[in-house]
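These numbers come from the heavy atoms of this one structure, side chains and all, not from hydrogens, waters or symmetry mates.
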There are 2 protein chains.
Amino acid sequence: MHNYPEPSILVAIDCIIFGFDGKDIKLLLIKRNFEPEKGKWSLMGGFLDKEEGLSEGASRILYNLTGLKDIYVEQLETFGCVVRDPVQRTVSVVFFALIQIEDHDTEAVKSHNASWISLECRPRLIFDHEEMVRLAIEHLKYKAALHPIGFELLPERFTIPQLQKLYEAIYNIPIDRRNFSRKLLSTGLLIDTGQKNNNGATKKATLYRLDSIRYKEKFHSFWNFMPDSMKQA
Amino acid sequence: MHNYPEPSILVAIDCIIFGFDGKDIKLLLIKRNFEPEKGKWSLMGGFLDKEEGLSEGASRILYNLTGLKDIYVEQLETFGCVVRDPVQRTVSVVFFALIQIEDHDTEAVKSHNASWISLECRPRLIFDHEEMVRLAIEHLKYKAALHPIGFELLPERFTIPQLQKLYEAIYNIPIDRRNFSRKLLSTGLLIDTGQKNNNGATKKATLYRLDSIRYKEKFHSFWNFMPDSMKQA
DNA sequence: CCAAAAGTGTTAGACATACACCCATGT
DNA sequence: ACATGGGTGTATGTCTAACACTTTTGG
C-alpha cells in the first residue's frame, strides 16, 4: 500500500496568459499545428521535464512563447480528470500569467502560431482548456478586487485612466473616475513620474509608476476596488 | 517535441486536515509506521490511482482516515520540486480540508497512527510537508476573512461565542463580542434553533444553525470578519 | 448575592458614493 | 471657442469600532 508504484500518469503544464491592450482583456492562445487536435485552439502548454520543478516548467513555457522573464505567474489549479486527455492519462498544472502586451516577442508568438484573442470572441478550446480559462477569469476578478495585480498588465509607466479602463474591462462595469482616482492615490503605491502621456487626444494624463517596495509590502493587504454593488456577485 | 513522453513522475495527494476543539485549531497528522521516513510525522497522503480524478483521490484518502464523506475540501496547490521526495520524483497535489473534530472515526484515525496536534506544538514534518502546512494556515486566514468557511469547523448547532473563539484562534487576536455578534447576525445566515447550550458554566448561549441555502448563495460574497487593524498584515 | 459570560444599545468617526465644478489640450 | 477627457472638492449616508449597560445562570 505504501510502496512506490510505477509512474503511469503524465504531468503537464498549461499556461493562461492575460494581456490588456488598453481596451480589452486578451488571452494568448495557440492554433495547434501539431497533434493531437491539430488545427484547433488551445492554451500553451507542455510536459513537465524530469529535471525541472513546476514553476520552472511554467517559466520555460512562458519564455518560449513570449520571450519574457520575470513576469507575474501564479499557480492556479491542477486538473486531473481521468478522461481529460484522450490519448494518455495526464494531470495538468495550470498557471496564470499576466503580461504587458507590448513587451512580448512577436516573432516567438508567430512561430508558435499564437495570437491575442479577446475574451468575448475566443474560439472553443480543446480538452478542458475552456474550464481552465473560466476559472482563470474568475480568479482574475477575485484577485484584482483585493490585490493590486492589475498593474502587472500595464506598462511600467501608466496613467490612472488607463488603470481604470483595465478595471472596467475586468469587471465589465463603469467605475466613477473621481472615486477610483482618490482610492488609488490614497494607497500611496503610485509615484508621480512628473511626466505626462502624449497619446491622449485631449488633456495629457499624469504618468505614474509603481512603488515596488511598498507594493511588495502591501501585497497581502486587502484592497477593494470593486464597488460595493458588485460584492453580491 | 509535442510527442507524449513515457511517464516518469509519480502523482501523489497530500491532505491538510484542520479541526477545532473549542479552543485551538488542530491538524490531523500521522506518525508514519511505514517507509520512507518511518517513525516521523507527516501529512496523510497517498498516490493517485490510475482510475480516479484528483478530488476523488482526496476524498478517498480523507474517508480512509476519518470515516467522513461530504466534508469541506479544496485543492490548495501542487508541489513539484525535483528533490522533494528523495526516493522517486513525485508531484504532490495538496488538498485542504475542514472537519468537525467530534465527528471523525476515532478507530480509523488510531489505525493510521494519526493524532490531532495543535498548530503551535506540531512536530517537524517530513519532506516539504512543513511548507504545505504553512501555506494552508495562510490560506485559512485569508479565506476565513472573506468567506464563511469557519462554520465547517463547528458542529451543526453552535453558538456565536463558539464561532468567535474559532475566529480568535485563527487570527490569534481578541475580537469584540458585540461587534462580532452584530456583524454575524446581520448576514442573515444564522437561524436561531430556539435551543440553548448547556455546557457553559454561566449564562446559556443561543444555539444557531447555518442557513445552508443562503450560505451557498452568499458563499462568494466578500465577508470581512477581520478587524481593519489586521488588514495591514 | 456575586462572578462570569451572554446579549443589547449608543455614539463618534471613518469611508464610500454620488454628485458638481474647474483645468488643459487638440481641432 | 468648444468638445473631450483629466483632475479636485464636497456633502450625504452607511458601516465600523469602541464604548456602557443589562440579563442570565451556577456556585
(message) Students often get this wrong, so: under 4.0 angstrom with heavy atoms, is A:Thr159 touching a base, only sugar-phosphate, or nothing?
(response) nothing

(request) Check the pair B:Ser59, B:Lys69 against side chain to side chain donor-acceptor pair (under 3.5 Å), reporting the backbone distance first and the verdict last. (result) CA-CA 7 Å; B:Ser59 298; B:Lys69 294 185 174 182; over 6 Å; no

(request) Find which nucleotide of DNA chain D each of B:Lys183 and A:Lys196 is nearest to by heavy atoms, and output the residue with the more 5' nucleotide. (result) A:Lys196

(request) Could you walk me through whether B:Leu43 and B:Ile30 pass side chain to side chain contact (heavy atoms under 4.5 Å, CB included), step by step? (result) CA-CA 6 Å; B:Leu43 296 169; B:Ile30 62 173; over 6 Å; no

(message) If I take atom CZ in residue B:Arg178 and atom C1' in nucleotide D:dA20, what distance separates them, rounded to the nearest angstrom?
(response) 8 Å

(request) Grab the CD1-C1' distance between A:Ile175 and D:dG6 for me, whole Å please. (result) 16 Å

(message) When you measure only distances, ignoring hydrogens and angles, does the side chain of A:Lys204 come within 3.5 Å of the base of C:dT25 through a donor and an acceptor?
(response) no

(request) Could you check whether A:Ser181 gets within reach of a base, just the sugar-phosphate, or nothing at all, counting any heavy atom under 4.0 Å? (result) nothing

(request) Classify the side chain of A:Arg177 versus the base of D:dG7 as yes if they form a donor-acceptor pair under 3.5 Å and no if they do not. (result) yes

(request) Report yes if the side chains of B:His104 and B:Trp116 come closer than 4.5 Å at any heavy-atom pair, otherwise no. (result) yes

(request) Examine distances only and state if a side-chain atom of A:His112 and a backbone atom of A:Ala108 form a donor-acceptor pair shorter than 3.5 Å. (result) yes

(request) Write down the distance between CG (B:Leu184) and C1' (D:dT16), rounded to a whole number of angstrom. (result) 15 Å

(request) Let me know the distance between CG of A:Leu185 and P of D:dG7, rounded to the nearest Å. (result) 9 Å

(request) Write down the distance between CZ (A:Arg182) and P (C:dA20), rounded to a whole number of angstrom. (result) 15 Å

(message) Rounded to whole Å, how long is the line connecting atom CG of A:Asp176 with atom C1' of C:dC15?
(response) 15 Å

(message) In whole Å, I'd like the distance from the CG atom of A:Asn179 to the P atom of D:dG6.
(response) 16 Å

(message) Could you tell me how far apart A:Phe180 (CZ) and D:dG7 (P) are, to the nearest whole angstrom?
(response) 12 Å

